[in-house]
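Here's the structure we're looking at; comments come further down.
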There are 2 protein chains.
Amino acid sequence: MADRSGLHAALRATGHRLTRQRLLIMEVLEESQEHLDANTLFSRVHARDLTISLSTVYRALSIFREMGLVEVHQLGEEHAHFEAVQDAPHYHFICSACGRVIEFYAPQVLEAVRGLSQRAGLKVTSSHLLLGGLCPECRLLEKD
Amino acid sequence: MADRSGLHAALRATGHRLTRQRLLIMEVLEESQEHLDANTLFSRVHARDLTISLSTVYRALSIFREMGLVEVHQLGEEHAHFEAVQDAPHYHFICSACGRVIEFYAPQVLEAVRGLSQRAGLKVTSSHLLLGGLCPECRLLEKD
DNA sequence: GTCCATGCAAACTGTTTGCACGCGC
DNA sequence: GCGCGTGCAAACAGTTTGCATGGAC
């Protein structure tokens, strides 16, 4: 999806146009393997294109989300964080001391969810597991 | 905790005072086994005490959270939802069609988290698993 | 040329805060 | 009586929206 033509095709398929701004926003999103909030994403995009506006970033994120290209996470109860979707589903740990976000994989969770959805008759289309606590470093610091 | 003396003791232990407002807010929270957002909670509380204010609700929820009496959930990416803590940890499924929230238990998740935290050296103090999708009813409706 | 996408500023929602008064202890 | 807790209104942060212009197709 990192390539222009892939994004172009995906946009056309959903009735949207490929614009300079949308291309740039998706590029920055994919380059930064982090969970950017709207402001950080905006400043990175703005650094490369001074005319781009914050609302355009929000609007692009909104349609990317509808298209399934971007996921939204509510980390740490504050504002939203965005990331380009990846192949394998993953989850997040956020350190309450330093704020660092650690990604992890947990196939057992997927299995548990699958079993549950069958038993309860649910159709599960998204799953977010968010852990909070202390990361290894902060854990040591707190020891004293 | 539903009783006045329990709340009183818990508040005193953390250097807070028992007020008419805090007692009422906790009562309403415990009566409603739902995930109330601040406005709903406020209106229920307000119905019994016309002088109470929304900021008092927010302030009470804030100290209840610090005290570990109340949990906050970000359901459906909108505003926060609050609920009195329960004995067993549980998780949430939210139907994207009707908005209904279904609680469920999944001990496998706890185990997966425990294994992960040992391996990665994390100290996990909170875990939220939020599933999205279609509930049994809405799933049938969407079939056609 | 058509109509969607953009930039700007203003609106909006959920939540927090400053201040003077009131009440728990 | 001391000092925290309250109500009110104003501030605040993040996000969305109305409108006129610009650009994708």
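Throughout, a chain's letter reflects where its sequence line sits, starting with A, and its residues are numbered from 1. Quick note: numbers below take in every heavy atom, side chains included, and nothing from hydrogens, waters or symmetry partners. On a predicted model such as this, the values are computed, not experimentally measured, just so you know.
An OP1 or OP2 oxygen of D:dC8 is reached within less than 4.0 angstrom by no side-chain nitrogen or oxygen of B:Ser53. Phosphate proximity of D:dT6 to B:Arg22: present, with a side-chain N or O under 4.0 Å from OP1 or OP2. For B:His8, no side-chain nitrogen or oxygen approaches OP1 or OP2 of C:dG24 to under 4.0 Å. Between A:Gln21 and C:dG7 there is a side-chain N or O to OP1 or OP2 distance below 4.0 Å. Taking only side-chain nitrogens and oxygens, A:His16 never comes nearer than 4.0 Å to OP1 or OP2 of D:dA24. Listed pair A:Thr19 / C:dC4 fails the phosphate criterion, with no side-chain N or O lying under 4.0 Å from OP1 or OP2. The phosphate of C:dG7 (OP1 or OP2) has a side-chain N or O of A:Thr51 nearer than 4.0 angstrom.
A donor-acceptor pair shorter than 3.5 Å can be found between the side chains of B:Glu103 and B:His35. No hydrogens or angles considered: nothing links the side chains of B:Glu66 and B:His16 as a donor-acceptor pair under 3.5 Å.
One can place CG of B:Leu11 at 19 Å from P of C:dC23, the figure rounded to the nearest angstrom. With rounding to whole Å, A:Leu18 atom CG is found 14 Å from C:dT6 atom C1'. If you take CZ of B:Arg20 and C1' of D:dG7, they are 11 Å apart, rounded to a whole angstrom. If you measure from atom NE2 of B:His46 to atom P of D:dG7, you get 10 Å, rounded to the nearest angstrom. Rounding to whole angstrom units, CZ of residue B:Phe42 and P of D:dT6 are separated by 14 Å. Atom-to-atom, CG of A:Leu24 to P of C:dT6 comes out at 11 Å; the value is rounded to the nearest Å. Atoms CD1 (A:Ile52) and C1' (D:dG23) sit 14 Å apart, rounded to a whole Å.
Scanning for ring pair (Phe, Tyr, Trp, His ring centres under 6.0 Å) contacts around B:Phe82 gives an empty result, with sequence neighbours left out.
Residues A:Leu122 and B:Phe104 fail the side-chain proximity criterion, which asks for heavy atoms closer than 4.5 Å. Annotation: side chain of A:Pro89 is not in contact with side chain of A:Ser127 (no heavy-atom distance under 4.5 Å).
With the nearest nucleotide of DNA chain C identified for both A:Ile63 and A:Leu50, A:Ile63 has the one nearer the 5' end.
Salt-bridge check for B:Arg44 with B:Glu31: failed, with every basic side-chain N at 4.0 Å or more from each acidic carboxylate O.
The closest donor-acceptor contact from the side chain of A:Ser126 to the backbone of B:Leu131 lies at 3.5 Å or more, if one exists at all.
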Item to check | Under 4.0 Å protein heavy-atom contact, by nucleotide of nucleotides 11-22 of chain C - B base, S sugar-phosphate only | outcome: ---SBBBB----

